[in-house]
Amino acid sequence: RTEVNNNMWLYRSPIGPIFIVRLSNGRYGMMYNNTVWESCSTPQEEADNVYMQVTGCYKWDCFNAAMYDVPYDLSEWEFIG
């Protein structure tokens, strides 16, 4: 089980809430449905992966997001603490 610390960002995606969370090892992970799918060294890298749909989460990576305004920069995510 991966421990999640404070520092979270939220994207209210068409498939449900996607979070970027700070992990106990200092990395940042993409969390969907209470599962951390991958991790990167910065939250911006993780936001890039969500934007490019290369997260390892099949439901997101294979979703046709072309018609949606997917945030490409972390500043466009909602910071929730």
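In this chain, numbering begins with 1 at the start of the sequence shown.
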- Message: Which heavy atom of P17 sits nearest to which heavy atom of L10, and what is that distance?
- Response: CB-CD1, 3.6 Å
- Message: If you compare all heavy atoms of R27 against all heavy atoms of N25, which two are closest, and at what distance to 0.1 Å?
- Response: N-OD1, 3.0 Å
- Query: Would one find more than 12 heavy atoms of other residues, nucleotides or ligands at under 6.0 Å from atom CG of D73?
  - Reply: yes
Between [Y] and [X], is there a side-chain heavy-atom distance shorter than 4.5 Å?
X   : Y   : value
E46 : E38 : yes
V70 : W60 : yes
V21 : N7  : no
W9  : P43 : yes

- Item | Co-members of the apolar cluster containing Y58 [side chain, <4.5 Å] | none
- Note on the structure: One should read off an interatomic distance between Y11 OH and L74 CG, to the nearest 0.5 angstrom, of 14.0 Å
- Query: Roughly how far, to the nearest 0.5 Å, is CZ of R22 from OG of S39?
  - Reply: 12.0 Å
Starting from [Y], can I reach [X] by hopping between I/L/V/M/F/W/Y residues whose side chains sit under 4.5 Å apart?
X   : Y   : answer
F19 : Y51 : no
F79 : V50 : yes
M8  : M30 : no

- Taking the six-membered ring for Trp, are F63 and Y68 ring centroids under 6.0 Å apart? yes
- Task: Return the set of residues passing salt bridge (charged side-chain N to carboxylate O under 4.0 Å, His left out) with E78 (not counting sequence neighbours), or none when no residue passes.
- Result: R12
- Query: Do the side-chain N and O atoms of N49 and E45 include a donor-acceptor pair separated by under 3.5 angstrom?
  - Reply: no
- Query: Just by distance, with hydrogens left out, do N33 and T35 show a side-chain donor and acceptor under 3.5 Å apart?
  - Reply: no
- Item | Test side chain to side chain contact (heavy atoms under 4.5 Å, CB included) applied to W77 and I20, step by step | CA-CA 9 Å; W77 288 63; I20 294 175; 3.7 Å; yes
- Message: I15 vs Y32, test: side chain to side chain contact (heavy atoms under 4.5 Å, CB included). Steps then yes/no.
- Response: CA-CA 9 Å; I15 65 164; Y32 173 71; 3.7 Å; yes
- Set of residues satisfying ring pair (Phe, Tyr, Trp, His ring centres under 6.0 Å) with respect to Y72, sequence neighbours excluded: none
